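Since we're looking at a predicted model, the values are computed, not measured. Throughout, residue positions are numbered sequentially from 1 according to the sequence presented.
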Amino acid sequence: MAEAAAFQGTGPSPARRWLRRTLTVAVGAPLLAGLLQNPSPAQAAEETPVSRTVDVSIDTLTPSAPVEGDTVTVTGTLTNRGKRTITDATVNLRVGPRMDSRSEIDQVARRKGFRSDSDPQPLDSPEIKVARLAAGVPQDFRISVPVADLDLDDEGGVYQLGVSLTGQTSDAKWDRVLGIERTFLPYQPEPTAKRTQLTYLWPLISSAHVSADTAADEQQSAVFQDDELVEELRPGGRLDEMVSLGKDLPVTWVIDPDLLASVDAMANGYRVKDGTGHIAGTDANRKLAERWLGELEKAVQGRKIVALPFADPDLASLAHRGKAVPGSLGHLQSATALAGSTVETILHVQPSTDFAWPVEGAVDPSIMAVATSAGARKVIARSDSIRDDDLSYTPTAARPIGGGATAVVSDAELSTAFQGDMVRAETSTLAVQEFLAQTLAITLEQPQDRRSVVVVPQRQPSVAQAQAMAAAVRGLGAKRWTEPLDLIAAAAAKPDPDASTRVPRASQYPKKLRDGELPVDAFRDMKTTGDELSDFKVILSRQDRVVPPVLAAINREMSTSWRGRTTAAAIYRVDVQDVLRRLTKSVVLVDKSALTLSGRSATIPVTVQNKLLQDVQGLVLRLTSSNGTRLKVDGDTSADLPLTVRAGHSQSVKFPASANANGQVSMTAQLYTVDGTPYGSPMTFSVKVSEMTPTVMLVIAGGVLLLVLAGVRMYSQRKRLAARAAEADAETEAETGAPTEGGPVAGTEAASEGGATSVTADRAGQPSDPDADTGSESGDPSGPGEKVDR
């Protein structure tokens with residue numbers, strides 16, 4: 001069969017050879033090229049353009065890895081892409097020869113049109129006749145052949161399997177290959193002595209959906225940026241499909257804890273942003289989230305789980321851009337610390353948290369340093385980053401790289417096998433067959449050695465990609481040349497001494513990946529938000545209502561999912577800052593109007609308003625005079641008073657002030673935390689000092705005299721009225737002979753006593769005592785001569 005592969009059909013007849021020679025002499029080689037049926041040997045080694053006239057699609061191949069006694073069935077579609085109808089065509093299978101290396105598989109996978117130097121002869125049987133194939137009209141085909149008729153080696157191996165169409169067109173009435181499609185047939189009838197240990201990661205990762213905001217209810221319901229996560233959780237959605245497929249596969253689950261936290265928040269009642277506010281999520285969506293979590297919990301029981309740092313931070317962006325901003329690595333450490341508890345709380349399983357996964361497994365020394373700085377001792381790399389160019393075989397994945405760290409180097413070809421559009425049946429089938437062929441080729445490279453190979457697919461596979469991945473893993477289920485191994489065990493496998501442990505230089509990091517990293521400004525925004533949160537939380541009586549949601553949002557700002565979504569990432573960061581600043585501005589100084597201070601001393605009130613749903617404490621209010629010579633505050637240029645304000649209330653603090661001279665004085669009020677950090681913006685107002693003149697004192701004295709005279713007059717009138725009443729009572733007693741009950745004197749004392757009691761109560765409190773809730777101040781300027789005490 002190997003010899004037959006070098007020929008296309010039978011050789012030319014003697015008459016045709018004579019004709020060829022004649023034409024060559026008569027009209028030359030240019031005309032010959034357009035008239036001959038078969039190309040010259042040099043041309044035969046090249047792809048013939050006409051061999052791509054028909055698009056041959058292989059939609060299914062079953063079984064994907066046949067054994068002895070099976071029947072291989074191929075179904076697909078023929079589509080004439082040319083302009084002329086094809087007639088007298090046949091569809092044939094072409095099998096062989098056995099391929100001895102992974103590089104041969106790669107070469108065959110890249111070929112498109114027919115090549116007589118590498119494509120084998122068609123099988124004599126079976127053969128499908130196609131009498132007519134009109135242009136642009138697809139036609140289905142189905143062809144089956146017993147494995148015994150494929151002439152495969154008993155030892156097994158990887159074989160090229162092609163489906164070709166040979167026919168004629170109206171402008172060329174001779175048979176030639178008009179279309180071909182190739183795939184691979186992995187054949188291993190008996191299990192190998194030492195099977196390859198294969199680890200397949202199954203990622204559950206989504207983009208950031210939850211904002212830093214929370215609802216005002218006691219449950220502090222999460223507020224989502226959008227409702228797009230619901231679409232992934234619906235039956236048939238991406239995340240639903242990942243769980244449905246993964247539960248029956250021998251895979252290692254790799255989970256972003258933020259996804260679990262988001263779905264859990266949805267299941268417990270959530271809200272969605274709607275313009276400037278937010279609305280309640282539907283009960284149907286809540287139940288959907290609850291169902292998905294339940295299915296996932298059942299799927300992962302007894303399985304190995306790897307928890308990534310919370311929100312799957314972009315380690316490369318952090319290493320290349322974030323390290324320039326102080327405090328950035330602290331966010332990675334907090335994200336790592338949050339990972340294990342989140343997964344354990346929601347799924348009730350203990351995950352492994354010592355793995356780091358840089359984007360596409362690309363690493364350099366700085367990425368390695370950042371990845372291990374937060375406690376990860378195992379870094380998932382890829383073989384197109386840590387390369388083994390000097391080896392003729394695929395080595396074991398685990399590589400010690402020093403410092404107690406291990407690089408788990410996944411196989412690049414297997415890991416990228418299902419990227420791209422897998423919606424078309426043909427694309428998916430070809431990807432599955434190539435994946436299976438590559439795994440068998442790996443085993444046959446060193447059949448005497450058992451090696452460990454790791455497959456790390458894309459972070460967020462589509463539904464079609466996930467289905468293709470699952471089909472490939474199921475194709476290995478017979479355990480003829482591979483056996484499943486979890487990632488934890490793969491990282492602990494005995495390393496190959498010949499495998500590379502060299503981490504590539506920073507200059508070798510792919511430019512395409514570097515261009516997609518988060519900018520330095522993103523990490524500056526995170527630092528700003530973190531600093532504002534640190535200043536804010538010290539005044540809160542219930543930090544748990546603010547700190548965790550904002551810290552989680554900062555972690556989401558570092559997410560790998562922002563790659564390729566620069567604008568969306570910037571909008572999210574701004575939204576987080578806006579949420580926090582809206583909270584900090586809920587504790588403010590109430591603006592004051594200009595005041596007039598008449599006299600040498602008075603009190604100056606300053607009001608603080610708390611619009612939060614919790615008490616604030618640990619605040620100090622400082623009032624400063626711009627002119628301590630003219631107006632002092634508590635005997636000095638400035639004074640500090642501690643402050644506590646209840647939730648939803650205002651609190652006035654009154655500062656004693658003393659004036660030494662008339663004039664305008666600017667006053668500044670500023671809130672501080674207990675550590676002396678300014679809180680919020682200062683508030684400035686003016687005080688006009690106006691000393692009392694002798695004329696004013698005379699007027700006041702006159703007023704006091706008038707009050708005294710009025711009091712004497714009222715007392716005299718009361719005495720006269722009392723005397724008259726006594727006389728009337730005496731007359732009545734004389735007439736009746738019985739005393740009157742109560743008596744006028746007793747009633748007068750009660751009234752007098754009662755009046756005295758009322759005056760005492762009204763004057764019991766001092767006007768400068770703080771009031772727990774004073775309400776808002778008057779916004780109008782105080783009148784001349786008014787003593788400032790509000």
Side-chain angles (χ1 to χ4, degrees), residues 64-65 67 98-106 153-159 184 186-202 249-252 254 303-304 306 352 355 361 377-384 386-401 405-415 417 432 434-457 469 472-501:
S64 56
V67 295
R98 170 176 164 164
M99 287 175 279
D100 297 322
S101 67
R102 298 184 68 182
S103 60
E104 288 187 72
I105 297 175
D106 293 336
D153 293 344
D154 293 337
E155 295 180 358
V158 177
Y159 296 85
F184 304 97
Y187 178 67
Q188 190 66 33
E190 299 294 334
T192 57
K194 292 187 177 181
R195 296 187 288 270
T196 299
Q197 296 175 322
L198 190 134
T199 302
Y200 206 108
L201 302 194
W202 202 252
L249 300 175
V251 295
T252 299
V254 179
R303 311 283 287 277
K304 296 296 184 181
V306 171
S352 175
F355 282 87
R377 310 310 302 167
K378 301 152 191 173
V379 181
I380 302 172
R382 207 164 71 181
S383 61
D384 51 357
I386 298 181
R387 308 177 68 91
D388 295 285
D389 296 331
D390 296 334
L391 295 181
S392 60
Y393 62 93
T394 305
T396 288
R399 319 283 176 88
I401 55 175
T406 299
V408 182
V409 182
S410 65
D411 187 88
E413 287 186 82
L414 298 180
S415 298
V432 169
E434 184 175 356
F435 179 90
L436 297 177
Q438 291 279 5
T439 58
L440 178 54
I442 290 172
T443 301
L444 297 178
E445 288 172 340
Q446 297 281 328
Q448 73 280 5
D449 297 328
R450 174 177 284 125
R451 286 160 292 148
S452 169
V453 175
V454 174
V455 181
V456 181
M469 288 158 50
V473 176
R474 283 194 293 265
L476 296 171
K479 298 182 181 180
R480 296 200 298 277
W481 63 85
T482 65
E483 58 185 11
L485 185 71
D486 63 77
L487 183 62
I488 292 85
K494 182 181 179 180
D496 188 323
D498 296 326
S500 174
T501 58

Q: Does the distance from a Lys or Arg side-chain N to an Asp or Glu carboxylate O, for Arg102 and Glu413, drop under 4.0 Å?
A: yes

Q: Report yes or no: does Arg450 contribute a side-chain atom to a donor-acceptor pair with the main-chain N or O of Pro447 at less than 3.5 Å?
A: no

Q: Enter the distance from Leu440:CG to Met99:CE here, rounded to the nearest 0.5 Å.
A: 10.0 Å

Q: Quick check: do Arg451 and Ile442 have side-chain heavy atoms less than 4.5 Å from each other?
A: yes

Q: Measuring from atom OG1 of Thr439 to atom CG of Leu476, what distance do you get when rounded to the nearest 0.5 angstrom?
A: 4.5 Å

Q: Is the backbone N or O of Asp388 less than 3.5 Å from a side-chain atom of Ser500, with the two atoms forming a donor-acceptor pair by type?
A: no

Q: What is the minimum heavy-atom distance between Ile105 and Ala441, and which atoms define it?
A: CD1-CB, 3.8 Å

Q: Looking at Ala412, is its backbone amide N or carbonyl O close enough to the side chain of Ser383 to form a donor-acceptor pair, meaning the two atoms are under 3.5 Å apart?
A: yes

Q: Please step through side-chain contact (heavy atoms from CB on, under 4.5 Å) for the pair Val453 and Thr396, ending with a clear verdict.
A: CA-CA 6 Å; Val453 175; Thr396 288; over 6 Å; no

Q: Heavy atoms only: give me the nearest Arg98-Gly156 pair and the separation to one decimal.
A: NH1-O, 2.6 Å

Q: If you measure from OG on Ser392 to CD on Gln446, what distance do you get to the nearest 0.5 Å?
A: 6.0 Å

Q: Ignoring hydrogens, what is the shortest heavy-atom contact between Ala472 and Val432? Give both atom names and the distance.
A: CA-CG1, 4.1 Å

Q: Run Arg303 and Val251 through side-chain contact (heavy atoms from CB on, under 4.5 Å) and show every step you take.
A: CA-CA 8 Å; Arg303 311 283 287 277; Val251 295; 3.9 Å; yes

Q: May I ask you to decide if Gln448's main-chain N or O and Lys194's side chain share a donor-acceptor pair within less than 3.5 Å?
A: yes

Q: Ion pair present between Arg382 and Asp384, side-chain N to carboxylate O less than 4.0 angstrom?
A: yes

Q: Counting only N and O atoms by type, is there a donor-acceptor contact under 3.5 Å from the side chain of Tyr200 to the main-chain atoms of Pro457?
A: no

Q: Please tell me whether Thr196 and Thr443 have a donor and an acceptor in their side chains that are separated by less than 3.5 angstrom.
A: yes

Q: I'd like to know whether Asp154 forms a side chain to side chain donor-acceptor pair (under 3.5 Å) with Tyr187, so could you lay out the CA-CA distance, the side-chain angles of the two residues, the decisive distance to 0.1 Å, and finally the verdict.
A: CA-CA 9 Å; Asp154 293 337; Tyr187 178 67; 5.5 Å; no

Q: Do Ser64 and Arg474 make a side-chain contact, defined as non-hydrogen atoms from C-beta onward lying under 4.5 Å apart?
A: no

Q: Is there a donor-acceptor pair closer than 3.5 Å between any side-chain N or O of Glu445 and the backbone N or O of Thr394?
A: yes

Q: Quick check: does any side chain N or O of Arg480 sit under 3.5 Å from a backbone N or O of Gln188, one acting as donor and the other as acceptor?
A: yes

Q: Tell me whether the count of non-hydrogen atoms from other residues, nucleotides or ligands lying under 6.0 Å of CG in Asp498 goes above 12.
A: yes

Q: Tell me, do Phe435 and Met469 make a side-chain contact under 4.5 Å, heavy atoms counted?
A: no

Q: Show the numbers, then the answer: is there a side-chain contact (heavy atoms from CB on, under 4.5 Å) between Val455 and Thr199?
A: CA-CA 6 Å; Val455 181; Thr199 302; over 6 Å; no

Q: Which distance, rounded to the nearest 0.5 Å, do you find between the CG of Leu487 and the OG of Ser410?
A: 10.0 Å

Q: Determine whether a donor-acceptor pair (N or O, by modelled atom type, separation under 3.5 Å) exists between the side chain of Asp486 and the backbone of Ala489.
A: yes

Q: Out of Leu249, Val254, Val306, which residue meets the side chain to side chain contact (heavy atoms under 4.5 Å, CB included) rule with Trp202?
A: Leu249

Q: I would like to know whether Leu436 and Phe184 meet side-chain contact (heavy atoms from CB on, under 4.5 Å); could you show each step before the answer?
A: CA-CA 8 Å; Leu436 297 177; Phe184 304 97; over 6 Å; no

Q: Any side-chain to backbone donor/acceptor pair from Ser415 onto Val456? Under 3.5 Å, distance only.
A: yes

Q: Ala499 and Pro395: which non-hydrogen atoms are nearest, and at how many Å?
A: CB-CB, 3.8 Å

Q: Would you check if Arg399 and Ile386 make a side-chain contact, meaning some heavy-atom pair closer than 4.5 Å?
A: yes

Q: Within the side chain of Gln438, is there an N or O that forms a donor-acceptor pair under 3.5 Å with the backbone of Glu434?
A: no

Q: Quick one: does Pro484's side chain get under 4.5 Å of Leu198's, heavy atoms only?
A: no

Q: If you measure from CH2 on Trp481 to OG1 on Thr192, what distance do you get to the nearest 0.5 Å?
A: 9.5 Å

